[in-house]
Amino acid sequence: MKYLFVAILLTGVLISCKKETFITSSTASLFTSTDSLHFDTVFTTTGSITRFFRIYNDNNQKLRLSKVSLQGGDASFFNINVDGTKGPEVTDIEMDANDSIYVFVTVKIDPTVAELPFVIQDSILIEYNGNEHWVQLDAWGQNANFMRNRVITGNVTWTNIIPYVLTGDYLLIDKNATLTIEKGCRIYLHANTPIIVDGTLKVMGEQYDSTRVVFKGDRLDDPYRNFPGSWPGIYFNESSKDNSLQYASIQNAYQGIVAAGLSVNSNPKVSLSECIIDNCYDAGILGLRSAIKARNCLISNCGKNILLGYGGTYDFSQCTAASYSNSYILHKDPVLIMTNYLKEGNSINTWSLNASFRNCIFWGENGTAEDEVVTDKQGNTPFNVNFQNCLWKVKNNPAFVNASNIIANQSPLFDSINTQSRIYNFRLRDESPAINSGTNAGVTIDLDGRSRPVGLPDLGCYEKQ
């Protein structure tokens, strides 16, 4: 038994020694999960997300990496962390047989004088057994006007030379101030940064993609660039007045446009012309006893596209409100909801509601919503809601409304809808029932800036050319 115990012990030692040996051959196998890492637009002075790749040792013995090093060294815009150890160079890294380690990479770009986007590049060298393996890094950098907790006073104009990045708890337009945003401006907002308007906001975009004014979250990397709720939204408070947005694109907000309170003068509180409001987590347009005028607007794929509550005055012409369930938002609420009341505990407060919808489309698919237009009324306050020459999808007709020349439950036949690849083209096909089905609403162009006929325009925000 003594000799048997010694034999077993020696065998264990030999096996243990064998496990601890390292493969030293230059033919040892090593590969990485990618040969390059790309960072989408990173604003100067702000850090990126963390990306990573893995280094694999698929040999049956341990492998020692001589070093993993960032070639730009301490001067690089990139930073690396190798298996828990901060770079720019990490040496003598032991990898178990058939195992892997993580390399995490971030980038922070210092400001430069460049106005256009620029490319930052570097590379990571992995050395082992006399071999070299490379992983390439690149990032698009962009200078910007950075504003944190900024209060706009007086008359201020933003130009389109470089983007605006808003951080902190708010951008506030003071009560007696006016912010004018010129064509082509790009405004990127942090996750907790709303635009709050106590004064006046004027957006002066134009019809082309390069000249529209874009509001969206400041995470431009995948998959965050398409997340709804990436930033709070634009809020027009009680004192706000004479706001106008033309050719504005509001993307991925929690609530796109929120207008609270009636106008303080004879003009609408908010006028929206040729605007796109897309992929908002909650409401695309939320009116709270307010006054909104909208023309040629597309409100698409929001939790609730248009919610007009507690009364108010609303005028919508040639607008399309459409939603499809996708990987981000389940379409379960109507694309248009209107009420004239607010419930507070056991009491109900009512206000007058006056609303007009002409040549509009209200449609949704791939969800649980059966009625895309829902209205409700309480009390005896005036409730004047009119739909003229509209196309809608409903199971039950909206209550307490006047409706004429309605196309009910016929698909508008949008040009192309692909929810998986997030391709949404809400222009009309040749065979759409919405073509030539409108009435003269005094609107002479469409969302693309193309002309409309005086008589028999198409329904919705796009005119078939």
Side-chain angles (χ1 to χ4, degrees), residues 194-197 228-229 232-241 243 245 250 253-264 268-272 275 277 280-294 297 299-317 319-323 329 331-357 360 362 364 367 369-387 390 392 394 396-403:
I195 296 176
I196 301 173
V197 186
I234 305 175
Y235 297 85
F236 298 93
N237 287 336
E238 295 273 353
S239 62
S240 179
K241 63 180 181 179
N243 301 285
L245 286 74
I250 300 169
Y254 180 75
Q255 296 170 322
I257 295 286
V258 179
L262 296 171
S263 295
V264 299
K269 180 177 287 291
V270 182
S271 294
L272 305 170
C275 292
I277 303 173
C280 297
Y281 183 82
D282 186 58
I285 297 176
L286 175 57
L288 305 173
R289 197 186 172 213
S290 194
I292 300 173
K293 184 173 183 177
C297 291
I299 308 96
S300 54
N301 295 330
C302 302
K304 306 173 186 68
N305 283 21
I306 305 173
L307 176 56
L308 308 174
Y310 322 149
T313 302
Y314 307 100
D315 183 358
F316 284 69
S317 297
C319 293
T320 298
S323 277
I329 293 178
H331 175 52
K332 59 185 179 61
D333 292 301
V335 298
L336 173 62
I337 305 172
M338 282 186 295
T339 70
N340 71 330
Y341 62 89
L342 171 64
K343 292 183 177 180
E344 293 181 317
N346 295 323
S347 63
I348 298 178
N349 298 314
T350 63
W351 295 272
S352 62
L353 173 63
N354 295 283
S356 172
F357 300 89
C360 294
F362 304 99
E370 294 183 327
D371 294 309
E372 298 298 350
V373 178
V374 173
T375 57
D376 196 20
K377 170 187 175 182
Q378 296 285 340
N380 297 315
T381 56
F383 190 97
N384 301 310
V385 177
N386 296 284
F387 293 89
C390 292
W392 66 33
V394 297
N396 303 289
N397 287 327
F400 314 110
V401 306
N402 297 313

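Computed from a prediction, not measured in an experiment: that's the story for all the values here.
Proximity of V385 to L353: side-chain heavy atoms (C-beta onward) are separated by under 4.5 Å at one or more points.
Between F362 and F357, the ring-plane angle classifies as perpendicular under the 30° and 60° cut-offs. Relative ring orientation between Y254 and Y281 is described as parallel, the plane-to-plane angle staying below 30° on a 0-90° scale split at 30° and 60°.
The side-chain tip of K269 does not point at the ring of F236 from less than 6.0 angstrom away and within 45° of straight on.
Checking side-chain atoms of Q255 against main-chain N and O of D282 turns up no donor-acceptor pair under 3.5 Å. No side-chain donor-acceptor contact under 3.5 Å links T350 to the backbone of Y341. Side-chain atoms of D371 come within 3.5 Å of backbone atoms of N396 as a donor-acceptor pair (strictly under, hydrogens ignored). Between the side chain of T381 and the main chain of W351, a donor-acceptor pair closer than 3.5 Å is present. At least one donor-acceptor pair under 3.5 Å links the side chain of N305 to the backbone N or O of I299. Although no hydrogens or angles enter the test, the distance criterion places a donor-acceptor pair under 3.5 Å between the side chain of S290 and the main chain of G261.
For the atom pair N340 CG and Q378 CD, the distance stands at 7.5 Å (nearest 0.5 Å). Here CH2 of W392 is found 11.0 Å from SG of C360. Values are rounded to the nearest 0.5 Å. In this structure, L336 CG and F316 CZ are separated by 8.0 Å, a value rounded to the nearest 0.5 Å. Here the straight-line distance linking atom NZ of K332 with atom NZ of K304 works out to 6.0 Å at 0.5 Å rounding. Interatomic distance, I292 CD1 to S263 OG, rounded to the nearest 0.5 Å: 9.5 Å. To the nearest 0.5 angstrom, R289 atom CZ is 10.0 Å from T313 atom OG1.
Shown here for E344 and N349, the closest heavy-atom pair between the two residues is OE1-ND2, 2.9 Å. Across C302 and I277, no two heavy atoms sit closer than the pair SG-O, 4.1 Å. The heavy-atom pair separating A253 from G233 by the smallest distance is CB-CA, 4.1 Å. In terms of heavy-atom proximity, I329 sits nearest to C280 at CD1-O, 3.4 Å. In plain terms, the two heavy atoms of V197 and S240 that are nearest each other are O-CB, 3.3 Å. In plain terms, the two heavy atoms of I306 and A321 that are nearest each other are CD1-CB, 4.1 Å.
Within 6.0 Å of the NZ atom in K293, the count of heavy atoms belonging to other residues, nucleotides or ligands does not exceed 12.
Screening L307, L272, I250 for a side-chain contact (heavy atoms from CB on, under 4.5 Å) involving I285 leaves a single residue, L272.
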